[in-house]
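First comes the structure, then the notes that go with it.
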Amino acid sequence: MRASVDEHPSNFHTPKFDSPRSGAMIGTLATLRTRGLRWLQQALPQSCALCAASSGNALLCEPCAGALPRTTTACPSCGLPSIAAAVCGVCLARAPPFAATIAPLTYAFPVDQLLQAFKYGGALALAEPLADELTRAVRGRHGAHPDAIIALPLSPARQRQRGFNQSHEIARRVAVGVGIPLLRGLARVRDSPPQAMLPWSARVDNVRHAFAGDATLRGRRIAIIDDVMTTGATLAAAATAAKRAGALAVEAWVVARTLPPA
Ligand SMILES: [Zn+2]
Ligand SMILES: [Zn+2]
């Protein structure tokens, strides 16, 4: 089973780095913890978070940013690779509750390392380049944008424990980048065991009634933002709750998509 970064307890305090290249990254990523303030990030020359080369005002140098693993042709419904970007067989057989999924990156090295450092390692400044990837993908797609963006909520207890909601950190930047309002209106009402601790087959039941939407969503077309989509069960539960609260259509926007086991 490939574990998502989502709530993976073994990664909670110390991201795993397992290659020589990753070793150099630890030091660079660690320094980002002290560079959380945006003004400081822009005032000082940066070292690339992946290769430590000079990267100007950005956290990733251009060659590293350009080499991130990307999903080039994906199923528009679920975001998994699909020939000619056609709707995949799984979605044809059973349409997901999303009108669309946008997931520019593949959850593989080094995207997994960046997301883990951001989420569990306190490298909050990485929200910027990760959100930029999503913003560019949203701007580049065809069709009308939704009316509003919602960050996938954490339970109050989980948010207190982590100190921030990684989805909100990405969503507020994408909202500005795309020019769509960021709303609340969705709450996590049940704290279920971390999805990464469960087999993929158990994840739908685990989050089935985890979310509730309020009247803010009525009549709106929304995009729910999360950092990673693995099985899609969490986002599907959130989308279903949003529709139950009156949302007309729900898109899933994530930075990275986990590919299913081979
Ligand atoms: Zn680099
Ligand atoms: Zn699909």
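Each ligand, and each atom within it, is numbered from 1 in the order the structure gives.
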Using a 6.0 Å cut-off, check whether atom CZ of R190 has over 12 heavy atoms from anything other than its own residue. yes
Is it true that, when you exclude R218 itself, more than 12 heavy atoms of the residues, nucleotides or ligands shown sit nearer than 6.0 Å to its CZ? no
So CG of D226 and CG of L134: to nearest 0.5 Å the spacing works out to 10.5 Å
Interatomic spacing from CD in E62 to CG in L60 - rounded to 0.5 Å: 11.0 Å
Looking at A238, is its backbone amide N or carbonyl O close enough to the side chain of R188 to form a donor-acceptor pair, meaning the two atoms are under 3.5 Å apart? no
For the Zn ion (ligand 1), check which protein N, O or S atoms are under 2.8 Å away and list them. C48 SG, C51 SG, C61 SG, C64 SG
Near the Zn ion (ligand 2), meaning under 2.8 Å, how many protein N/O/S atoms are there? 4
CD on E169 to CG on L130, rounded to 0.5 Å: 11.5 Å
Closer than 3.5 angstrom, by distance alone: can the side chain of T101 be matched with the main-chain N or O of S77 as a donor-acceptor pair? yes
Using modelled atom types only, decide if a donor and an acceptor are shared between the side chain of T73 and the backbone of S82 within a distance under 3.5 Å. yes
Check whether R221 reaches the backbone of A148 with its side chain - one donor and one acceptor, N or O, closer than 3.5 Å. no
